[in-house]
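Before any comments, here is the structure.
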Amino acid sequence: AYESRWQYEHLAGSLPQHTQPRWTGQDLKDKTILVVGEQGHGDNIQFVRFMLNLHAAGARILFQTTEGLIPLLGNTNIISWTGRYTDAPPDFDYWTPIMSIPGVLGITLENLPQNINYLVANAELAHNWSELLGPKKKLRVGFCWSGRRDSWINQHKSMPFETMLDLIKQNPKYEWINLQIDCTEEETKILESIGVKCCSNLLRNFNDTAALMSNLDVVLAVDTAIAHLAGALGTVMKLQGVSYKLKESDVTEIGFIAEQVAEVLPEVVTYKDGEVDSLSYSRLTALLVEAVKEQQRQINELRTLLNNR
């Protein structure tokens with residue numbers, strides 16, 4: 001089973017030790033559980049989705065993870081405390097490695113939660129990136145071609161920079177955004193010379209990266225944290241409410257920019273002479289209601305799964 005990972009290679013001898021019992025399926029109602037992150041950033045991003053299961057079971061969740069993920073995960077209301085691996089957590093009843101959760105829950109391909117965008121970009125940071133990028137004139141494509149270059153496993157999942165460069169040169173109709181955070185000065189110069197926007201110096205942590213990615217249409221990535229983050233955010237995160245006042249009223253209203261909605265949900269906008277003309281809020285409301293109902297259905301399935309264990 002996957003628990004044998006603690007006996008091999010870089011994980012050997014690294015299984016955390018706590019005096020509290022390890023969670024193996026005990027009732028979590030009104031209990032506090034410490035979830036311990038493991039391995040890379042992407043592993044934590046990918047498996048944090050299962051904290052919804054723990055939350056649905058009535059648990060108060062504490063999470064130890066990598067420092068770069070803490071600002072991003074502070075945007076969720078299901079994690080009560082987030083800290084570094086070296087930080088002492090508040091008192092807890094049980095603990096578990098994050099990648100052991102689906103095994104305890106009995107998750108399979110058949111009951112794996114589908115279509116849940118379980119991480120949210122910070123709205124203020126996303127707006128700042130929108131201002132920095134300026135008006136969009138082309139399809140925006142973010143990309144990265146390598147994981148952490150100091151990681152021993154990167155040789156198995158990275159691609160040559162030259163291959164990425166050729167792909168960009170062959171597709172000038174897109175607006176390319178570099179997401180490679182450890183891009184070298186030489187690589188940056190080459191990319192900028194062919195019109196690529198390079199913002200790695202502004203990406204302090206995954207909260208910044210998520211906010212930038214919420215302004216993109218497509219993300220191309222090798223098997224690394226960027227790919228997992230793109231999947232966790234989902235396209236609906238591109239919809240950002242804006243406040244405005246009508247000329248005939250001083251009342252502040254909240255709405256959406258039709259052109260932005262058209263990029264995500266073109267079926268709810270109308271067009272005139274080939275241009276976006278207006279937004280149908282009745283259609284948008286119906287779609288959002290159905291999305292909420294679908295999410296609730298999935299939550300109910302998770303609760304049933306937990307209650308049947």
Check whether any side-chain heavy atom of [X] lies under 4.5 Å from a side-chain heavy atom of [Y], and answer yes or no.
X	Y	value
N178	C199	no
T188	V196	no
P71	F206	no
H55	R60	no
K169	I194	yes
I70	F63	no
L202	D208	no
F143	L191	yes

Just how far is it from atom [atom1] of [X] to atom [atom2] of [Y], taken to the nearest 0.5 Å?
X	Y	atom1	atom2	value
R49	Y118	CZ	OH	4.0 Å
Q170	K173	CD	NZ	12.0 Å
L69	T82	CG	OG1	9.5 Å
E38	T66	CD	OG1	12.5 Å
K189	C183	NZ	SG	12.0 Å
S146	I181	OG	CD1	12.5 Å

Has [X] got a side-chain atom pairing as donor or acceptor with [Y]'s backbone, closer than 3.5 angstrom?
X	Y	answer
Y85	V36	no
Q17	L15	yes
D43	G40	yes
E175	V141	no
W145	E162	no
Q64	V35	no
K197	W176	no
W23	Q26	yes
N205	E67	no

Worked check of side-chain contact (heavy atoms from CB on, under 4.5 Å) between I61 and I33: CA-CA 5 Å; I61 302 170; I33 184 170; 4.3 Å; yes
We want to know whether [X] and [Y] form a side-chain donor-acceptor pair, criterion being a heavy-atom distance below 3.5 angstrom.
X	Y	answer
T209	R204	no
E187	T184	yes
Q180	D182	yes
S100	R22	yes

CG (N201) with more than 12 external heavy atoms under 6.0 Å: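 Counting other residues, nucleotides and ligands, CG of N201 exceeds 12 neighbours.
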Greater than 12 external heavy atoms within 6.0 Å of Y174's OH: no
Locate the shortest heavy-atom distance separating [X] from [Y]; write the atom from each residue and the value.
X	Y	answer
L179	M213	CD1-CG, 4.1 Å
Q39	N44	O-ND2, 4.4 Å
N122	A211	O-CB, 4.3 Å
V104	G25	CG1-N, 3.5 Å
A126	N215	O-ND2, 3.0 Å
A210	L72	CB-CD1, 3.8 Å

Electrostatic pair K136-D217, nearest N-O below 4.0 angstrom: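 Here K136 pairs with D217 in a salt bridge, since their nearest N and O are under 4.0 Å apart.
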CA sep, side-chain torsions, deciding dist, call: L132, L212, side-chain contact (heavy atoms from CB on, under 4.5 Å): CA-CA 10 Å; L132 182 63; L212 171 56; over 6 Å; no
Trace of the side-chain contact (heavy atoms from CB on, under 4.5 Å) decision for I79 with M51: CA-CA 8 Å; I79 302 176; M51 290 190 190; 3.6 Å; yes
Single-linkage hydrophobic cluster L203~L125, side-chain heavy atoms < 4.5 angstrom: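 Hydrophobic grouping puts L203 apart from L125.
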side-chain contact (heavy atoms from CB on, under 4.5 Å) assessment of I98 paired with T65: CA-CA 10 Å; I98 190 170; T65 185; over 6 Å; no
